[in-house]
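Bear in mind that the values here come from a model prediction, so they are computed numbers and not experimental data. We number each residue from 1, following the sequence as shown.
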Amino acid sequence: MPLPKLPSKPATLLLAKDYPKASGANPIPFPAEEVAAPAPKKAATKAVAKTVKAKAVTPAAEPAVAKKTGKSKAAILTAPAAPVAEAPAPAVAPARAKATPAARGKATPLKAEAPHPAKHKPVEVVLKSSTSRHADQIGITKLFVLDTNVLMHDPSSLFRFEEHDVYLPMMTLEELDNHKKGMSEVARNARQVSRTLDALVANTDDGAIEQGIPLSKLGNKDAKGRLYFQTRLQVADLPEGLPQGKADNQILAVVRSLEAEQPGRAVVLVSKDINMRIKARALGLPAEDYFNDHVLEDTDLLYSGIVQLPDDFWNKHGKDMESWQENKHGQSATFYRVTGPFVPSLLVNQFVFLEPKSGETPFYGQVKQINGKTAVLQTLRDYSHNKNSVWGVTARNREQNFALNLLMNPECDFVTLLGQAGTGKTLLALAAGLAQVLETKLYNEIIVTRVTVPVGEDIGFLPGTEEEKMSPWMGAFDDNLEVLNKSDGEGGEWGRAATQDLIRSRIKIKSLNFMRGRTFVNKFLIIDEAQNLTPKQVKTLVTRAGPGTKILCLGNIAQIDTPYLTEGSSGLTYVVDRFKGWSHSGHVTLARGERSRLADHASDVL
C-alpha cells in the first residue's frame with residue numbers, strides 16, 4: 001500500500017495555494033541613471049525575469065539555468081520567477097477513454113502534496129563598477145589589474161577575461177613567490193601560475209614585454225587580450241596614514257597611477273579580498289570581485305532533476321501518443337512516446353510528475369529519450385511499497401522514490417543527491433549499496449569517503465591506520481548502519497551481530513588524500529559531504545571510476561565548511577550542472593526532511 005497522505009503543510013515547504021500571486025510590477029527597483037540610459041548591444045546590466053503562462057508551466061516548473069558569465073560579460077541582476085496562479089484541472093484527460101498512463105503503468109503512485117523549495121534566498125545583485133559599465137556601453141576594452149589572491153584562487157584566471165587586457169603589478173609577483181612553498185592547494189596554484197607566466201614570457205624580447213604579451217600565445221583562443229607587467233616604478237599619491245610598505249596599498253597605488261597615465265582607459269582592480277575592494281572604493285578606484293569560477297550566479301536556478309507537468313499536459317501531448325511495455329532488469333515498465341511544446345524544456349533522466357486536482361491517479365515518470373519535440377517517458381517502480389523495499393527501507397515521499405529509482409538502476413553510473421539535513425541521502429545510498437552488494441552482487445564492495453573538514457576547532461592528529469583515522473569522520477554512516485541493522489528482526493541478537501560483521505567486511509572507508517592514480521572496478525563509491533569539494537577534487541574522484549563502478553555524490557550546498565568555497569563555486573554544484581542531461585547520470589533534490597519533527601522544525605527556524 002502507498003504511504004498515507006503527507007501533512008498539508010510540511011516543515012519549511014509551501015504548497016502552490018500558499019504562494020503569493022504574481023505581480024506585474026518589477027520586483028527590483030533600478031537606479032534612475034540606468035533606467036534613463038539607452039540599452040546598447042552589450043548592456044552593462046541585464047534583468048533576468050521569468051514570465052510564465054498559467055496554462056503552460058506550473059509553479060514547480062524548472063527555471064532555465066543561467067549561463068556561466070565571465071568578467072567581460074555584463075553582470076546579472078537575478079530576480080526570482082514570478083509565482084503563477086493555479087491552472088484548473090482539465091475535466092477529462094485525453095487518455096481516459098482507454099486508460100490513463102499511470103493506470104496502465106506498474107508503479108503505485110505516492111500520495112504527496114507537491115512541495116516547493118524550502119527557502120528562497122533574497123535577490124542576489126551582482127553589479128560591476130561604474131567604470132566597467134561605462135566601458136561596456138561604449139564598447140572599449142578594459143585593463144584588469146589582478147590581485148594575488150585571484151591567481152592563487154584560480155590559476156587559469158589569466159585567460160578568463162576574453163578580449164580585455166590583464167596587468168600584473170610587481171607586488172603581485174612578489175606575493176606569488178612568497179606563497180609558492182608547501183603542499184597546500186594555495187601553494188600548488190601559486191607554482192602553476194608561475195609556470196604559466198614563465199611560458200608566456202619565454203622567447204620574448206624586453207621591448208615586447210613593454211608592449212604586452214598576447215595571452216593567446218599558449219593556445220588559449222578565447223583570451224584575445226594582452227598581458228602587461230609592471231616594468232617601472234609607478235608613484236601615486238595615496239591618503240596620508242596608509243602604510244606605504246603594505247602590499248595592498250602598493251597595488252592600489254599602481255591602479256591610481258595607471259588611471260592617471262591612461263585617462264581614456266577603463267582600469268579595474270580585480271580582487272577576492274573584500275577589504276581590498278572596500279578600500280579601493282573608498283579611494284575612488286573601480287574594484288570588482290572575480291566571479292568567473294561560479295557555475296551559477298544564483299543557486300536557486302540549480303538543476304533539481306524534477307519537473308511538474310502542466311495540468312493540460314495530456315491534452316497537448318497525448319494526441320498521437322504511443323505506449324508499450326518492456327522488461328528491463330527483471331522489472332516490467334511502461335513507456336510512452338509523446339510529442340508537444342513542453343518536451344524541449346525537458347532533459348534526459350529528468351523526473352516528471354502530474355498530480356491532477358480532480359482526484360485522478362497521479363503520474364510519475366522519467367524522461368528516457370528526447371528527439372526534438374518528441375520524448376519517451378518511462379513509468380517508475382514504486383519503492384514506497386513494502387514489497388519493493390530496499391534493505392528494509394521504503395520511500396517516504398515522492399523525491400525519495402525518485403532517488404531510489406536512480407540508485408537501483410544499474411544503467412545509471414553517476415548519481416547526485418542534494419538536500420537539507422534529514423532528507424535521507426545517506427540512508428538511501430547505504431541501503432541501495434548493501435542491496436546491490438550483498439543481495440544482487442552487482443558490485444563487489446562499498447567504498448565510502450568524505451572531505452575531512454572540521455566544523456569547529458581541529459582536535460589534532462588521530463591514531464591508527466587509515467581506516468581508524470577516518471572512522472571519527474564517518475559517524476553518519478555508523479548511525480545509518482545501526483538503523484539498517486535494526487530493520488532485520490529475524491535471527492535475534494546473534495544474527496544481527498553476524499549480519500553487522502558481514503556488512504562491515506564489505507564497507508571500506510578511504511581517505512581522499514590517497515585517491516590519485518587509483519582505479520575502482522565494480523565498486524559502489526559514496527562521496528559524502530561533496531559540497532566541501534572543489535571542482536578539481538571532484539574531477540579527481542569521478543575519474544577514478546573503472547568498469548562497473550557506480551559513484552554517488554551526496555551533500556547540502558547550504559552547509560559548506562571549506563574556506564573560499566561558496567554555493568556557486570562548490571564542486572557539487574559543478575558536477576550537477578555539468579552532468580545534467582547525460583543518459584547515464586541522474587540528479588534529485590530531496591525537499592522534505594524525514595529525520596524527526598524536531599529536526600524539521602530546527603532547520604526551519606534556526
- What's the verdict on salt bridge (Lys or Arg N to Asp or Glu O under 4.0 Å) for E445 and K508, showing C-alpha distance, side-chain angles and the deciding distance? CA-CA 7 Å; E445 62 182 3; K508 296 291 186 294; 3.5 Å; yes
- State yes or no: are the ring centers of W324 and Y336 separated by less than 6.0 Å?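 Between W324 and Y336, the centre distance exceeds or equals 6.0 Å.
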- Query: Between W582 and H584, how do the two ring planes meet: parallel, tilted or perpendicular, split at 30° and 60°?
  - Reply: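 Rings of W582 and H584: perpendicular, as their planes differ by over 60°.
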- Task: Anything under 30° is parallel, anything over 60° is perpendicular, the rest tilted; go ahead and classify H317 against F342.
- Result: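 It falls in the perpendicular class, over 60°.
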Examine distances only and state if a side-chain atom of [X] and a backbone atom of [Y] form a donor-acceptor pair shorter than 3.5 Å.
X: Q400; Y: L428; result: no
X: K387; Y: H385; result: no
X: N522; Y: N444; result: no
X: T540; Y: K536; result: yes
X: E439; Y: Q436; result: no
X: Q531; Y: N556; result: yes
X: N349; Y: S583; result: yes
X: T423; Y: Q420; result: yes
X: S304; Y: T589; result: no
X: E360; Y: P356; result: no

Nearest non-hydrogen partners of [X] and [Y], listed with the distance:
X: G340; Y: P344; result: O-CD, 3.8 Å
X: L407; Y: A432; result: CB-CB, 3.6 Å
X: T519; Y: G546; result: CG2-CA, 4.0 Å

Note, [X] side chain near [Y] side chain (heavy atom, < 4.5 Å):
X: T449; Y: I526; result: no
X: N405; Y: F351; result: yes
X: V437; Y: K441; result: no
X: F579; Y: V542; result: yes
X: L347; Y: V367; result: no
X: L533; Y: L572; result: no

- Message: When you measure from the centre of the six-membered ring of F353, is the NZ or CZ of R398 closer than 6.0 Å and no more than 45° off the axis?
- Response: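 Yes; both conditions hold, so R398 lies above the ring face of F353.
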Between [X] and [Y], do the side chains contain an N or O donor and an N or O acceptor separated by less than 3.5 Å?
X: H587; Y: S585; result: no
X: Q350; Y: Y303; result: no
X: T374; Y: T339; result: yes

- side-chain contact (heavy atoms from CB on, under 4.5 Å) evaluation trace for L417 with C553: CA-CA 6 Å; L417 298 182; C553 287; over 6 Å; no
- With side-chain contact (heavy atoms from CB on, under 4.5 Å) as the test, would you mind laying out the steps for K550 and V415 before giving the verdict? CA-CA 8 Å; K550 189 186 192 83; V415 179; 4.0 Å; yes
- T549 and Y443: CA distance, side-chain angles, deciding distance, side-chain contact (heavy atoms from CB on, under 4.5 Å) verdict: CA-CA 7 Å; T549 292; Y443 307 101; 6.0 Å; no
- Task: Taking atom CG of N371 as the centre, report whether more than 12 heavy atoms of other residues, nucleotides or ligands fall under 6.0 Å from it.
- Result: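 For N371, atom CG is not crowded (no more than 12 foreign heavy atoms under 6.0 Å).
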- side-chain contact (heavy atoms from CB on, under 4.5 Å) between Y574 and S569: does it pass, once the steps are laid out? CA-CA 7 Å; Y574 180 71; S569 59; over 6 Å; no
